[in-house]
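Notes follow the structure.
By convention in this document, chain letters (A, B, ...) are assigned in the order of the sequence lines, proteins followed by strands, and residues within each chain are numbered from 1. Just so it is clear, the values below take in all heavy atoms, side chains as well, and ignore hydrogens, waters and symmetry mates.
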There are 2 protein chains.
Amino acid sequence: MKPYQTTLLSSLLIGGLSACQTQVETAPNEVIQLQQAALSSQLSYDLVESLTVEVGPRLAGSPKDILAVNWAINKLTSLGFDRVYKEAVQVPIWERGEAKAKITVPVEQPLVITALGGSIATPAGGIQAKIARFDSLEALQQAKPEEVQGKIVFIDQKTERHITGEGYGKSVGGRSKGAIAAAQKGAVAIVIRSIGTDHDRMAHTGIMRYQDGVPKIPAAAMSNPDADLVGALLKRDPNALLELHMSPKNLGFNTSYNVIAEVTGSSKPNEIVLIGAHLDSWDEGTGAIDDGAGVAIVTAAAKHIQDLPIKPARTVRVVLYAAEEVGLVGGKAYAEAHKAELPLHYIAAESDFGAGRIYQIDTKVNENIFTEVQQALSPMSFNGVALGNNQASGGPDVSMLPALGVPVASLRQDGHDYFDYHHTPNDTLDKIDPAALAQNVAAYAQFAYIMANSTVTLTPLATQSEK
Amino acid sequence: MKPYQTTLLSSLLIGGLSACQTQVETAPNEVIQLQQAALSSQLSYDLVESLTVEVGPRLAGSPKDILAVNWAINKLTSLGFDRVYKEAVQVPIWERGEAKAKITVPVEQPLVITALGGSIATPAGGIQAKIARFDSLEALQQAKPEEVQGKIVFIDQKTERHITGEGYGKSVGGRSKGAIAAAQKGAVAIVIRSIGTDHDRMAHTGIMRYQDGVPKIPAAAMSNPDADLVGALLKRDPNALLELHMSPKNLGFNTSYNVIAEVTGSSKPNEIVLIGAHLDSWDEGTGAIDDGAGVAIVTAAAKHIQDLPIKPARTVRVVLYAAEEVGLVGGKAYAEAHKAELPLHYIAAESDFGAGRIYQIDTKVNENIFTEVQQALSPMSFNGVALGNNQASGGPDVSMLPALGVPVASLRQDGHDYFDYHHTPNDTLDKIDPAALAQNVAAYAQFAYIMANSTVTLTPLATQSEK
């Protein structure tokens, strides 16, 4: 270990002492060692660098998706995990094609848009129509059909910036459900203000849905500055015309894989502590923060546990999920394939929120043992992680597990800038701070180790008592 | 005036008092009034909003360029200037077309590029070649031809961030002269790291040059994250292949116009204080910071002088130059057309560096009257503008005037973030802070008023004494 790293760790430990006096005696040596190993290692940054440079964008079902699976198998194998394997998942194939837009009346203004994932194409000659602007999905849902009929719906809702990323939840309905609501009222297409907190002239993609029995219409997002511009033009001319040309294609299904690695438990190898991330990404960036960072975090965390002289009791399982972006496909497939084994899943957590520092750990465990679990996790405070609440969802690909009895944890990351880059071409390696990434690795390593050795009885989660 | 604006002005005045005790007695009432008017007015923001929304991108020689000229004539006329007119300028026509690039070996990685202004197209089938990477234009110039022959040159120089924007000057040579140096050594194309300080996956365009007798090769810029990616791939495989498809076109010349407005001087109407900006813009943003801001600043500044009950002695002339981006075409045309009148140009300044606050005023006047000029300009300190040096260039479109005997001034703006957005799709209205814009208007109004009433003999500039 280099001198400055020792100093950094010492500072962290000293910083932690005053705040967490009661926990000092309870921190196992291995928990401190894991933090030390994670903060002094470049492994996580090297992993996300390798994935973004050697694979890059890896949209589910594309050739690059398979390249990513092979990359993961090779990396996990070379890292020396006790077990490395993959499980086939059927994933939809969607190709982005081109997406162009411009205002043609009252003045020609080219716009920056991108197709939403799953969208159909416009007719070859494009679509030109008036614009029906709404402040939100709810406003669209309440509109009279005659306000929308024959027009292009424009949902113009800004996404609020927040450390938790909660602004996303407030505005993302327009993206996922907007096309259905617009088509039900006779719209010919929908373009939303990007679900993003930035001011970059880049549009944010993301999955959208159609509904059986409702006509499918093309769906796109425009950048925040473009949404401002369209709003300013509509104030001048409510009859402004918008022209769209989009050529995405839905091409059936392909086989992809959940890629799995394990550190075999020393005394309860059949019980599982699952730490996951998703291997697929959107296609316009290189998938650094979403979710190359998560892949790097959970892989490096498990590797530090693999390298301990004495392994924890339970098996630590790393799951790199397929096709999260296009509908949690890998997560759902895992839950189905491992149905019989779920009662042996002690707890699960997914890292899928970039590389901002973890400031809090929330759980979803039975209320009667919540305090005990908190006490067990309290050494994480040495790494800057506070104990939070018992309302965790665990992350997208494990979000279906609590209903199946599996406890989950959410390691809360600072997401102030996550939605500046999320689902845009700007999701690139330079957005990751290696020091923050390493702090994440330390947190996941400590979490997984503590849970893998915990004597608290967690499972099954009493799902009937859930809110 | 609204209460908070009075308070703002009072704060500014009180803030200025301690630093500038000696100048307090010398500030004419009109100079204070102009500051007050500028800081309490929305005119400048309304102007740049109008130009970016109602015209938008306005590349020299394009139909939008003429739309911008008509916009300017209408705005200046409706603002009630004493005189509004235009002067024809022949400007080159260049169309961007498409620009696509990808690394094809060792792995396919799509790249974000943009054509440099003036570039020719690639052959219809594109170009695929190995990459010759250089740290700078100078390194390319020193390379042996065999290192470059048949390859695509990649100049990988980062642009440093600085309040003065001086990093641009250090790296921009690769953009303007790189194609010549590369072609002289047998390169088939050139792609530079964008001349920009951002980490956005957007490429920065800008004018490039060819040279008679040297083959013309396609020239493009890639975004900073893409340059990082290409660098990382070249470290893994020096034989990496880059594929380029570009379809820009050079289409001859068109007539555009310098648009001019005047506040006629009350006692020396033939003498000119020139404040300028350029009306054209690049085509991928809406030309907000480059140079809609400048257009708004000098127009609003002159309007506040126009509205004074008593006009200053000399004429204040606003010049909105044509075709700055493509080679200072309007600036050169103005200098030629007004050759006989240049001795009557008391001083000139152009605003062409965004909308960051002005912190200093530099001049280029005869050394023997520099102190006198500084004393005259000292009331600008009330608006946060310090007195600087005598090494000003005046701005791009007036940069040729000192050699012709015309003194110039540079009102230095905070340019920390200017090269984050410069020449990219990100040059949009949201990048402008209305309060900072108004501070610019106040500074230009004060500068123009003080110079138009100054009793110091400025002209002609003793050009032989220049460095």
* **Distance in Å, Leu43(B) CG paired with Thr299(B) OG1, rounded so as to fall on 0.5 Å steps** => 8.0 Å

* Check whether Val53(A) gets within reach of chain B through its side chain, its backbone, both or neither, counting any heavy atom under 4.5 Å. => both

* **Pick from Asp200(A), Val107(A), Leu229(A) with the largest number of heavy-atom pairs that fall under 4.5 Å of chain B** => Asp200(A)

* Measure distances from Pro110(A) to the heavy atoms of chain B and classify the residue's part below 4.5 Å as side chain, backbone, both or neither. => side chain

* Taking it one step at a time, do Asp237(A) and Lys235(A) satisfy salt bridge (charged side-chain N to carboxylate O under 4.0 Å, His left out)? -> CA-CA 6 Å; Asp237(A) 183 356; Lys235(A) 280 185 189 161; over 6 Å; no

* Value rounded to 0.5 Å, distance of OG1 in Thr52(A) from CD in Gln109(B) -> 7.5 Å

* Going by atom types alone, do Asp420(B) and His199(B) pair a side-chain donor with an acceptor below 3.5 Å? -> no

* Given a strict heavy-atom distance threshold of 4.5 Å, which part of Pro106(B) is in contact with chain A: side chain, backbone, both, or neither? -> neither

* Asked: Considering only heavy atoms, which portion of Asp430(A) lies under 4.5 Å from any heavy atom of chain B: side chain, backbone, both, or neither?
  -> side chain

* Asked: chain B heavy atoms under 4.5 Å from Glu284(A): which part of the residue, side chain, backbone, both or neither?
  -> backbone

* Where do Arg193(B) and Asp156(B) land on the salt bridge (charged side-chain N to carboxylate O under 4.0 Å, His left out) test, with the steps shown first? -> CA-CA 5 Å; Arg193(B) 178 188 280 268; Asp156(B) 188 14; 2.7 Å; yes

* Heavy-atom distance under 4.5 Å to chain B: side chain of Ile103(A), backbone, both or neither? -> neither

* Asked: What option among Val112(A), Thr286(A), Asp228(A), Leu429(A) has the most heavy-atom pairs under 4.5 Å with chain B?
  -> Thr286(A)

* Ignoring hydrogens and angles, state whether a donor on the side chain of Thr114(A) or Thr205(A) is under 3.5 Å from an acceptor on the partner side chain. => no

